[in-house]
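I have placed the structure first, in the form of C-alpha cells, so that the comments after it can refer back to it.
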Amino acid sequence: MGMQKSKSAGVYEAVREAIVTGRFSPGYKLTISTLAKEFGVSAVPVREAIRWLQAEGLVEYTHNVGAQVTHVDVSGYADALRVLALLEGMATASSAPYLNESHIDEARKLNEDMRYLVDAPVFDSANYRKLNNDFHAVLTSQCPNPRLIDLMNIEAERVSLMRRTSFEFDEQRSTSSVEQHSHLLKLMTTGATAQEIEAYARAHKLESLERSLRDAA
C-alpha cells in the first residue's frame, strides 16, 4: 500500500509541476495509458494522481473527453492578485529583519539578471518570470510564519496559472518592476519600518495588476 501511495505521489507531483509550469496547458488531455508509460507505472497510481489533481481543481473530467487540464477562469485574476499582494507584503516585511547579507546579495544579483533581460534585443518573458519569482522567494524566505508562506504560495500559483493563460510580462512593465525591486531592497537595508516595507511590497504587486487590467481593456 505504501509503495502504491509513493508511486501515486510521484505521478501527482510530476503532472502538477507540468501543469503549473505550462508544459501541460489548459485543455491538455491526460491520457492514463500515455502517462503510465511515461512514468513507468501501472494505470492505478496515474488514476489516483488524477483524482487528487481533480480534487485540487487543476484537472477536470468531461464526459466523452476524459481528464484534461482545467481551463482557468481569469475573472478571478484580480481578486487572486489582490490577496497575493496582501500576503506577500506581510511575508516580505516579516522576513526583512532575518535576511542576511548573502540573501540581499542574491536578490540584487537576480534583479540585475532581470535588468539584463529587459535590455536584451529579444525579451525572454519566461526566463524573466522565473527570475522574478526567485527574487521574491528570496525576500520572503526568512518569514517566521510558515502558515503565511503556505497561503502565499498557493495564491501565487493561482496567479501564475491565470497570468500565463491570459497576461504576459512586457518590457515596459518589466523595466518599472526592476526599478521597484531596487527601491524595495533599499528600504530593506536602510532601516525602513515593517509598515513601510509591507506597504511598498504590496503596492509593487498591485501595480502589476493595474497594468495587466489596462493591457486587457
Side-chain angles (χ1 to χ4, degrees), residues 20 72-115 117-118 125-217:
V20 171
V72 178
D73 176 13
V74 297
S75 65
Y77 177 76
D79 288 342
L81 192 50
R82 288 188 183 102
V83 171
L84 177 58
L86 288 170
L87 295 170
E88 194 169 288
M90 291 171 62
T92 303
S94 62
S95 175
Y98 304 102
L99 294 174
N100 60 34
E101 198 171 320
S102 67
H103 293 127
I104 297 298
D105 287 345
E106 184 181 358
R108 284 202 179 104
K109 172 69 167 59
L110 288 164
N111 201 39
E112 286 309 307
D113 288 346
M114 292 168 71
R115 192 188 303 277
L117 288 181
V118 169
S125 62
N127 197 14
Y128 179 93
R129 181 168 55 235
K130 182 184 183 305
L131 289 169
N132 185 61
N133 289 342
D134 290 347
F135 174 86
H136 287 288
V138 171
L139 295 193
T140 58
S141 65
Q142 303 307 301
C143 172
N145 186 334
R147 178 64 177 155
L148 174 56
I149 293 296
D150 286 346
L151 290 170
M152 182 189 74
N153 288 338
I154 290 168
E155 216 56 37
E157 198 170 82
R158 193 193 315 272
V159 166
S160 179
L161 280 165
M162 292 179 181
R163 175 180 278 147
R164 193 176 54 252
T165 56
S166 311
F167 306 104
E168 190 52 274
F169 287 105
D170 58 39
E171 288 95 333
Q172 181 187 357
R173 188 185 315 167
S174 303
T175 300
S176 171
S177 187
V178 167
E179 296 308 323
Q180 288 172 16
H181 286 171
S182 294
H183 186 70
L184 182 56
L185 285 170
K186 184 177 180 181
L187 288 176
M188 298 177 82
T189 54
T190 55
T193 66
Q195 288 84 357
E196 288 173 313
I197 294 169
E198 180 175 345
Y200 192 84
R202 183 171 65 245
H204 165 65
K205 186 64 69 176
L206 288 175
E207 181 177 298
S208 70
L209 168 63
E210 299 306 323
R211 285 183 176 274
S212 292
L213 296 180
R214 280 201 303 271
D215 292 348

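Here the structure is a predicted model, which means the values were calculated and not measured.
In this structure the side chain of Leu84 reaches within 4.5 angstrom of the side chain of Leu81, judged on heavy atoms. Between Glu179 and Arg115, the closest side-chain pair of non-hydrogen atoms falls below 4.5 Å. A heavy-atom distance below 4.5 Å is found between the side chains of Thr92 and Met188. With contacts defined as side-chain heavy-atom distances shorter than 4.5 Å, the pair Val159/Lys205 does not qualify.
The ring pair (Phe, Tyr, Trp, His ring centres under 6.0 Å) test applied to His103 returns no partner, not counting sequence neighbours. With sequence neighbours excluded, no residue forms a side chain to side chain donor-acceptor pair (under 3.5 Å) with Thr190. The side chain to side chain donor-acceptor pair (under 3.5 Å) check on Arg158 picks up Glu155, with sequence neighbours excluded.
Side-chain atoms of Tyr128 come within 3.5 Å of backbone N or O of Ser174 as a donor-acceptor pair. A donor-acceptor distance shorter than 3.5 angstrom exists from the side chain of Ser141 to the backbone of Val138, with no hydrogens or angles considered. Under a 3.5 Å cut-off, the side chain of Ser94 and the backbone N or O of Cys143 do not form any donor-acceptor pair.
Atom CZ of Arg129 and atom CG of Asn133 lie 8.0 Å apart (nearest 0.5 Å). Distance check: Leu87 CG to Asp150 CG gives 11.0 Å after rounding to the nearest 0.5 Å. Atom CG of Asn132 sits about 4.0 Å away from atom CE of Met114, to the nearest 0.5 Å. To the nearest 0.5 Å, the span separating OG1 on Thr140 from NE2 on His136 amounts to 9.0 Å. Atom-to-atom distance recorded for Gln180:CD and Leu187:CG is 11.5 Å, nearest 0.5 angstrom. Atom CG of Leu185 sits about 10.0 Å away from atom CG of Leu110, to the nearest 0.5 Å.
Looking at Asp105 and Lys109, no side-chain N of the basic residue comes within less than 4.0 Å of a carboxylate O on the acidic one, giving no salt bridge. Salt bridge present: Asp79 and Arg82 bring a charged side-chain N and a carboxylate O closer than 4.0 Å.
Classification of the Phe135-His181 ring pair by plane angle, with boundaries at 30° and 60°, yields parallel.
The minimum heavy-atom distance linking Thr175 with Val118 is given by the pair OG1-CG1, 3.0 Å. Nearest heavy-atom pair, Leu99 versus Leu139, reported as atom, atom and distance to 0.1 Å: CD1-O, 4.0 Å. Heavy-atom minimum distance, Glu207 versus Ser176: OE2-OG, 2.9 Å.
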